[in-house]
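Step one of this worksheet: look at the structure below.
Chain A is the first sequence line, chain B the second, and so forth, proteins listed ahead of strands; every chain is numbered from 1. Basis for what follows: all heavy atoms, side chains included, without hydrogens, waters or symmetry-related copies.
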Amino acid sequence: MSMPVVSLKGITKSYGTIQVLRDVSLDVEAGEVVAVIGRSGSGKSTMLRCINGLESIQGGTITVAGHVVTQTAKQLRELRREVGMVFQSFNLFPHLTVEQNISLAPRIAKKMAAEQARGIACRVLEQVGLSEKIDAYPQQLSGGQQQRVAIARSLAMEPKVMLFDEVTSALDPELTGEVLKVMEQLAERGMTMVVVTHEMGFARHVADNVVFMHKGTVWEQGTAEVFFDSPRTPELQQFLRSSKVK
Amino acid sequence: MIHQFGIHDILYLLSGAGWTLILSAVTMIGGGMIGFCVALMRISSSHVLHGIAVVYIELIQSTPVLMVVFLVYFGPGIFGIELPKFPAAALALVVYSSAFFAEIWRGAIQSVPRPQWEASSALALTWLQQLRYVILPQAVRVSLPPTVGFMVQVVKNTSVTSIVGFVDVSRAGQLISNATFQPFRVYLWVAAIYFVICYPMSVISRRIERKFNVRR
Amino acid sequence: MSYRFQFDVVLAQSDRFIEGAALTLQLSGEAIVFGTVIGILGALARTEGPRWLDWIVGAYVEVIRNTPLLVQVFLLFFGLPAVGVKFTATEAALFALTVNLGAYATEIIRAGIEAIPHTQFEAGLSLSLTRLQIFRHIIFMPALEIIYPALGAQFTLTLLASSIVSVVAANELTTVAQIIEGETFRSIEVYTITTLLYIAMALGLRSILALLGLVLFRRRRVVQPQVRMSGI
């Protein structure tokens, strides 16, 4: 068996006296898509942010592509080269064009020549279907387009794993489809992905494994079919019922 | 006569500080009143009033406060009049400050969303009534932090009147430093007196701002 | 009205006025450059630095902002020799203006940095950038855009406030004006001309800043077809 790309072992984290993660363990194999679902406050976004060190942890170990998540800035930077992250609020850089947004990190973090970085920008933009927007500013794009550019920006660093933090939650319903489609294509190309989402359809049809987080722990997990068709715990059953109503 | 810096010098500085405070108060009241009128002219629909207000504000905000003081101090000489130092100083600072008060309050008034005007005009209120009962109560909140902040500038600006000989705390310091030859020590005292006056206002300005920001 | 304006007597000194105005421009120009550098460093110290540094810079800002420039000029002029530093009146004036603007610029720039959402910072971290790189490439320009009007206004105030350094005879425009007034006794004429020169310089500075704003913030021209001259 190969080494998992992402491995969390016994993660605990608290803000003051409030424990947000308790003994969370999770393995993500290469090429695997893991969907993480759960109510707001269940700790799912926090767990995701721990994986690339945006949040510190109090206990346990996280390894990503052979790097251990630590606190030294330099090691964290090396790790983050392997981990792409896409946020709910897009977080494109408003003063930079689409191309500059994408090529910034390759040029600066990887010290790539401008021309080479532009080539990469063209390639990843094509991948998300936005080649014609290369010289636009983020403000000139729709929310869905902005989020696709954000995905392209992460791809440009050629990550080994990508983290998606409720990436469609800030979008109007009619714009979520185009983003989900791009993510689905990524999955088909074999990208390793951890996706925190409210999109049950995506979790069911694209994810290999689904994780239900509840009260700061991994409450239940399994392959998509088993997970949705025969949930074991009453909490998950109730959650699935309530999210279907929506 | 050279003498040692002592308690009577400190008392003299404090009496100068009294004049600084009086001059500041007069400036805030006079400058505030004129500034309010200019702000209203600035937002009025009359092109003439609007134009006058814009030019008034722009010219004064492009002029050093010291030049306003000089012009007001020496200007009446054209008519053979010599203004006493306090009225001259007060008039100059009132004129200078009014332009800044006007800009602060114009900004505050215009920060009230347009529909508020439209809604109140639909209630058949006159322009002045709309201003008085609907717009100003909302604008005051926005204007309070920068107004208090500018009051700090007013106090500090009074120091330039010492250059034409008005005996405020700065001028008092200059006189004592000439008499004691201990300028550094004297000006430390002067600075401390200004700080004691201004710092509380700065803190209040920030507190109000934070309070409003949280509520918003 | 018996007063007869005599501008010719004063205008005969136009060379000296221009020299004074040139020094005013030089002094305030240098103060703007150095003061902005202090402002950037001060703002970084307050947002990124350790607590004790934040505290020290905060104290500097408060002391400067709550005392008049006039007193600061005197303190430096009389205080520096006491610690053995030799300088001319013009140097003391430059020092005072720089220290003064530095305090205001620190607060303005800090406000700009704090106005940038923290998520921008996180996006930079996730892309494997260092804190300094994030500041330079991601935070700086948007922050500058937000504070540009306030910073420009502060620059103009520094130009105008430079007249106060005449109290130590710094040879700039106001000092020159006072000397000419002493020679000609034409106070009104002298100060009218001086005021006009200041107004011209202030308007010039504001125009330059507005133009610079158009160059710096290209996105605004592209994204919003109607460009308001960046109000200063």
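When the candidates A:Met85, A:Arg49, A:Gln100 are compared by the number of heavy-atom contacts under 4.5 Å with chain C, A:Arg49 comes out ahead.
Here the closest non-hydrogen pair linking C:Ala123 and A:Arg153 is CB-NH2, 3.7 Å. C:Gln120 and A:Phe93 make their closest contact through OE1-CD2, 3.1 Å (heavy atoms, listed as atom of the first residue, atom of the second, distance).
Pairs of residues two or more places apart, or lying in two chains, that qualify as side chain to side chain donor-acceptor pair (under 3.5 Å) and include a residue from residues 132-142 of chain C are C:Thr130-C:Gln133.
Rounding to the nearest 0.5 Å places CG of C:Leu129 at 9.0 Å from CZ of A:Arg77.
Applying the 6.0 Å contact sphere to CZ of C:Phe95 captures no more than 12 heavy atoms from other residues, nucleotides or ligands. Within a 6.0 Å sphere centred on CD of A:Glu126, heavy atoms belonging to other residues, nucleotides or ligands number 12 at most.
Distance alone, capped at 3.5 Å, places no donor-acceptor pair between the A:Asn52 side chain and the C:Ser126 backbone.
Residues of residues 103-115 of chain A having a heavy atom under 4.5 Å from any heavy atom of chain C, listed by number: A:Leu104, A:Ala105, A:Ile108, A:Ala109, A:Lys111. The interface of residues 155-171 of chain A with chain C, defined by heavy-atom distances below 4.5 Å, comprises A:Met157. Contacts from residues 60-70 of chain C to chain A, taken as heavy-atom pairs separated by less than 4.5 Å, involve no residues at all.
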